Enquirer: 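Below: one structure in structure tokens.
Note that these values count all heavy atoms, side chains included, but never hydrogens, waters or copies made by symmetry. Note that the structure is a prediction, hence the values are computed from the model and not measured.
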Amino acid sequence: MKKYEPQKIEPKWQRAWEKSEIYRAQDFSKKPKKYILIEFPYPSGEGLHVGHLRSYSALDAVARKKRMEGFNVLFPIGWDAFGLPAENYAIKTGIHPKEATQKNIANFKRQLKSLSLSFDWNREINTTNPKYYKWTQWIFLKFFEKGLAYQAEIPINWCPSCKAGLANEEVVSGKCERCGTQVEKKIKKQWMLKITKYADRLIDDLEKLDYLEKIKTQQINWIGKSCGTEIDFKTENSKDTIKVFTTRTDTIFGVTAVILAPEHSLVEKLITDDNKEKVMNYIEQSKKKSDFERTEIKKEKTGVFTGSYCLNPVNNEKIPIWVGDYIVATYGGGAVMLVPAHDKRDFNFAKKYKLSVKEVIISRERFSLIKSTRTVLPQLNESFIEDGVLIDSGQFSGLTSEKARREILKYTEKQGFGRKAIHYKLRDWIFSRQHYWGEPIPLIHCEKCGAVPVPEKDLPIELPYVEKYQPTGTGESPLAKISEWVNIKCPKCKGPAKRETDTMPNWAGSSWYFMRYTDPYNDKSLADSKKLKYWLPVDWYNGGMEHTTLHLLYSRFWYKFLFDIGIAPQAEPYTRRTSHGIVLAEDGRKMSKSFGNVVNPDDIIKEYGADTLRIYEMFMGPFGQAITWSTKGVKGVYRFLEKVWKLSLECSENEKSSPKIIRAIHQLNKKIDEDLEATKFNTIIAGFMKFVNLGLEDKKEVGKDTIEKMLILLSPFAPHISEELWQKLGHKKSIFKEKWPKYDPKLVKEEKINLVIQINGKVRDKIEVEANISEKEANQLTLKREKVKKWIEGKPIKKTIFVKGRLINFVV
RNA sequence: GCCGAGGUGGUGAAAUUGGUAAACACGAUGGAUUCAAAAUCCAUUGCUCGCAAGAGCUUGUGGGUUCAACUCCCACCCCCGGCACCA
């Protein structure tokens, strides 16, 4: 018998499968469709990472199984190839990003093919192909047409190292997500996408979706919806009113100051002459600070009195107006009311600046105590932030916080100084980048007509080939230097005009790529509407947690917009979203070139074969969890495949399988069906190992029929070895043309079981019995046993608990 | 601080959702094979006591519910991920 040599059999089958096109998805097939999607990779110079393969191997097994179950499966792949790394690489080496990208794609493709991932390569897409980004630009024009793409002069997050503006989502703890450099503020005219218009729907529609719970909550928190009240505080000496946003209307009688952000439009007017120098100084100081410094939580809150007062509309109390740089200008109008007694920060602020503390909410317990004993409240030494009962709040005293919030809102509405207000943490998406390697934004600036969209017939606006793609650092894109490209006639008035030179962020192309897979060669529309309707939504999308508030949120937003303009067939793109944990290096750190701890899949394939790598990726641990790579673990999987090889060939002559083996294979069949849906890939592999070990215990019991069934079950996970053994067993057709077996629920059940005998809940004995033994029989059988007698020892049995097929427990 | 997910052998982990804790794998120890090594095969492997039969203990800690708790309830501790002066 020949040894298992994956290096010999794998390339052979890869060629054969490529020719037979068994992975092709059929448009409009009568079979039910399944759209299975993995996040398409960025083709980096480092090549495929074992981390990529965790998601790919698992979802490939899903796709293969679904095909065998009779589904018309779409499992596509493409390249998310625009972005900074290619550009940085180009700057370093002088190789044009286009060439570098092409080279990287070729390498990725070779690597993916060496793993036999069952992608439909006929639908391969590339975001940097003008035929593709024509439609990315087209979608942008639609956003513009509907008023959802607009230009704004705003302070943006500027990464001085990447020399680019970043979206809020790309800033992590004040640093650039990509390079870790401290982000600065820069005022620039930027293109924005109005994602905030979709904030509510992005939250509400999550309810209907099968996303991992943590993904949903992360998105909800990111959007950060908060419902409250906006209340007008009239200033004492002018007609101006300050609009304050609060979620705690119930504390309004406890307001002892109003604090404005330094950027608030009324600040300058409110400063009185004697305070001018102090306040202006303060504002100067805070302007110098970065956003991150200003919002650092540990920092002590500072502020300064403007000298002016406003009036609390509920009781006309005179309230001092302060300026504090911890107030976020862009949220809730940049003004807050200070309620020291019921907010931790406010309490500390009041103490520091000797502002009064007015208690207006107390706990229910204290409320009833005070009512009965009429004790005076002691001075507060910390804020009481919970809900409670209102005191000293005029007509609202005695109400609970919850009720008071409703009543006071009603009252303010009636009086005309308050209204319901909803605020979000989510900001509009900063959509321009001052870089070369991205989709040009298809707009033309005309002095007379303003921003004019490029006519649809002129799309795509191709990225011009330039020699110098270095970012300028002036905040202008390198494209700005190509005057023959920039200077153009206005499409509207034919006067002189200039092209927009900013490009789109790398998140643009990936925001709709899964739609293009349904019709990748269409040049009339982004995809044929019938094809979109047939294939979408994606049935199962797996990807990394790191994209939850980036790509996943962005693409849901784009899809909703495309749905609203009648292109996407429904309001949500992905029915189900799961997520895999990252693969850490053997030393427990992140795999990184600089640590020198990166595992290259090519090396693993060379030594153990693709099947081993694929199975190891699934076996290494729970799918959703971060996991450390272990080369020893890879060896263990290789041993398992050797056992599969041995068992299959040694048993291929046996006529019949024993009932024990038949039961085991049906149990395995069931386990795969159930665990695959639950993304428990690790226990599926363990199930296979258990089965093979059982078979090897007594090879005579394992018949050819069972071996064949095992190979079919194994084929989605380890395609090469399964196909090779299948053919060795005498089959001419591919194993992937076989139907997925159905297990018999009757056969899954064990006939004999180990009945556990407990006395007072402790296991004292076990006995092998028929699985369907009755309580009476069990009672008789077990009480006879020596061990049981010993433990009972004449004590009266108070109670007997019998769990059918499991245990009997005597309470004495 | 808030939100989320966790804490089980030497290691990665499993546990039919309240019913034999530690499946499967790695590693380790001993043995077989070999001139030798690798590979392979067999045995042992949660901890403690014991020559053994056996007994006791064990799922972060402390309580509780139950005939029975890794699983349910309460309190606390510790790691990981996300958000974070958001009013």
Enquirer: Roughly, in whole Å, what's the span from CD1 in Ile684(A) to C1' in rC24(B)?
Expert: 13 Å
Enquirer: State plainly whether the residues Glu642(A) and Lys646(A) are in salt-bridge range, i.e. N to O under 4.0 Å.
Expert: no
Enquirer: Using a strict threshold of under 4.0 Å (side-chain N to carboxylate O), is an ion pair present between Arg577(A) and Asp210(A)?
Expert: no
Enquirer: Looking for any heavy atom pair under 4.0 Å, which part of the strands does Lys798(A) touch: base, sugar-phosphate only, or nothing?
Expert: nothing
Enquirer: Please report, rounded to the nearest Å, how far the C1' atom of rA87(B) is from the OH atom of Tyr326(A).
Expert: 9 Å
Enquirer: Between Arg405(A) and Asp387(A) (salt bridge meaning N to carboxylate O under 4.0 Å), is one present in this structure?
Expert: yes
Enquirer: Are any of Lys799(A)'s side-chain N or O atoms less than 4.0 Å away from OP1 or OP2 of rU66(B)?
Expert: no
Enquirer: Mark yes when over 12 heavy atoms from residues, nucleotides or ligands other than Lys197(A) sit less than 6.0 Å from its NZ; otherwise mark no.
Expert: no
Enquirer: Quick test of your reading of the model: are Lys660(A) and Glu750(A) salt-bridged, counting only N-O distances below 4.0 Å?
Expert: no
Enquirer: May I ask you to say what Ser226(A) touches in the nucleic acid, namely base, sugar-phosphate or nothing, with a heavy-atom cut-off under 4.0 Å?
Expert: sugar-phosphate
Enquirer: Which whole number of Å gives the distance between the P atom of rU59(B) and that of rG7(B)?
Expert: 13 Å
Enquirer: For rA87(B), take OP1 and OP2 only and decide whether either is under 4.0 Å from a side-chain N or O of Tyr331(A).
Expert: yes
Enquirer: Indicate yes or no: does Arg419(A) engage Glu230(A) in a salt bridge with an N to O separation below 4.0 Å.
Expert: yes
Enquirer: Whole angstroms only, please: what is the CZ-C1' distance between Phe681(A) and rG12(B)?
Expert: 18 Å
Enquirer: Indicate, with a heavy-atom threshold strictly under 4.0 Å, whether Lys632(A) touches base, sugar-phosphate, or nothing.
Expert: sugar-phosphate
Enquirer: In terms of the nearest nucleotide of RNA chain B, which residue is placed more toward the 5' end: Ala335(A) or Met545(A)?
Expert: Met545(A)
Enquirer: Quick one about His551(A) and Glu39(A) (side-chain donor to acceptor, distance below 3.5 Å, no hydrogens or angles considered), yes or no?
Expert: no
Enquirer: Starting at the 5' end of RNA chain B, what dot-bracket string do you get if Watson-Crick and G-U pairs under 3.5 Å are bracketed, crossing pairs use [ ], other-strand pairs use | and unpaired bases use dots?
Expert: ((((.((..(((......[....)))((((((.......))))))((((....))))..(((((..]....))))))).))))....
Enquirer: Give Gly636(A) one of three labels, base, sugar-phosphate or nothing, depending on what nucleic acid heavy atoms sit under 4.0 Å from its own.
Expert: sugar-phosphate
Enquirer: Find which nucleotide of RNA chain B each of Thr549(A) and Gly332(A) is nearest to by heavy atoms, and output the residue with the more 5' nucleotide.
Expert: Thr549(A)
Enquirer: What's the gap between rG19(B) and rC70(B) when it is taken at their P atoms, as a whole Å value?
Expert: 10 Å
Enquirer: Do Tyr616(A) and Tyr638(A) have ring centroids that are under 6.0 Å from one another?
Expert: no
Enquirer: Can you tell me the distance, in whole Å, between the CD1 atom of Ile259(A) and the P atom of rC86(B)?
Expert: 12 Å
Enquirer: With syn defined as a glycosidic angle within 90° of 0 and anti as the rest, where does rG63(B) land?
Expert: anti
Enquirer: Between Tyr326(A) and Thr302(A), is any side-chain donor less than 3.5 angstrom from a side-chain acceptor?
Expert: no
Enquirer: Distance check, P atoms only: rU66(B) and rG60(B), in whole angstrom units.
Expert: 23 Å
Enquirer: Determine the Euclidean distance between corresponding P atoms of rC24(B) and rC42(B); express it in Å to zero decimal places.
Expert: 13 Å
Enquirer: In this structure, is the centre-to-centre distance between the rings of Trp791(A) and Phe810(A) below 6.0 Å?
Expert: no
Enquirer: So what does Ile627(A) hit on the nucleic acid, given a heavy-atom distance under 4.0 Å: a base, only sugar-phosphate, or nothing?
Expert: sugar-phosphate
Enquirer: Aromatic contact between Phe619(A) and Phe640(A), with the criterion being ring centroids under 6.0 Å apart: yes or no?
Expert: no
Enquirer: For nucleotides 14-20 of chain B, give me every protein contact, N/O to N/O, under 3.5 Å, one pair per line with atom names.
Expert:
residue : atom : partner   : partner atom : Å
rA14(B) : OP1  : Asn682(A) : ND2          : 3.0
rA15(B) : OP1  : Lys680(A) : NZ           : 3.0
rU16(B) : O2   : Arg806(A) : NH2          : 3.1
rU16(B) : N3   : Arg806(A) : NH1          : 2.9
rU16(B) : N3   : Arg806(A) : NH2          : 3.0
rU16(B) : O4   : Arg806(A) : NH1          : 3.1
rG19(B) : N2   : Gln758(A) : OE1          : 3.4
rU20(B) : O2   : Lys766(A) : NZ           : 2.6

Enquirer: Which whole number of Å gives the distance between the P atom of rC26(B) and that of rG81(B)?
Expert: 30 Å
Enquirer: Please list, pair by pair, any protein nitrogen or oxygen found under 3.5 Å from a nitrogen or oxygen in nucleotides 39-42 of chain B.
Expert:
residue : atom : partner   : partner atom : Å
rU40(B) : OP1  : Arg639(A) : NE           : 3.0

Enquirer: Mind checking whether His580(A) and Phe623(A) have parallel, tilted or perpendicular rings, split at 30° and 60°?
Expert: tilted
Enquirer: Counting only heavy atoms from other residues, nucleotides and ligands, does the tally under 6.0 Å from NZ of Lys635(A) exceed 12?
Expert: no
Enquirer: How many whole angstroms separate atom CD1 of Ile223(A) from atom C1' of rA84(B)?
Expert: 17 Å
Enquirer: In whole angstrom, what separates Gln667(A)'s CD from rC24(B)'s C1'?
Expert: 15 Å
Enquirer: Would you mind reading off the distance between Phe619(A) atom CZ and rC24(B) atom P, rounded to a whole angstrom?
Expert: 10 Å
Enquirer: Closer than 4.0 Å, any side-chain N/O of Arg764(A) to the OP1 or OP2 of rC67(B)?
Expert: no
Enquirer: How far, in whole Å, is rC79(B) from rC67(B) if one measures between their C1' atoms?
Expert: 36 Å
Enquirer: Once you round it to whole Å, what is the distance between C1' of rC2(B) and CD of Gln218(A)?
Expert: 14 Å
Enquirer: If I pick the C1' atom on rU58(B) and the same atom on rU48(B), what distance separates them, to the nearest angstrom?
Expert: 11 Å
Enquirer: Would rU17(B) be called syn or anti here, given the cut-off of 90° from 0?
Expert: syn
Enquirer: Quick one: is Thr247(A) getting a side-chain N or O under 4.0 Å of the rC86(B) phosphate, OP1 or OP2?
Expert: no
Enquirer: Taking only the C1' atom of each, what is the distance from rG18(B) to rU11(B) in whole angstrom?
Expert: 29 Å
Enquirer: Answer yes when Lys632(A) and Glu586(A) have at least one side-chain N-carboxylate O distance shorter than 4.0 Å, and no when they do not.
Expert: no
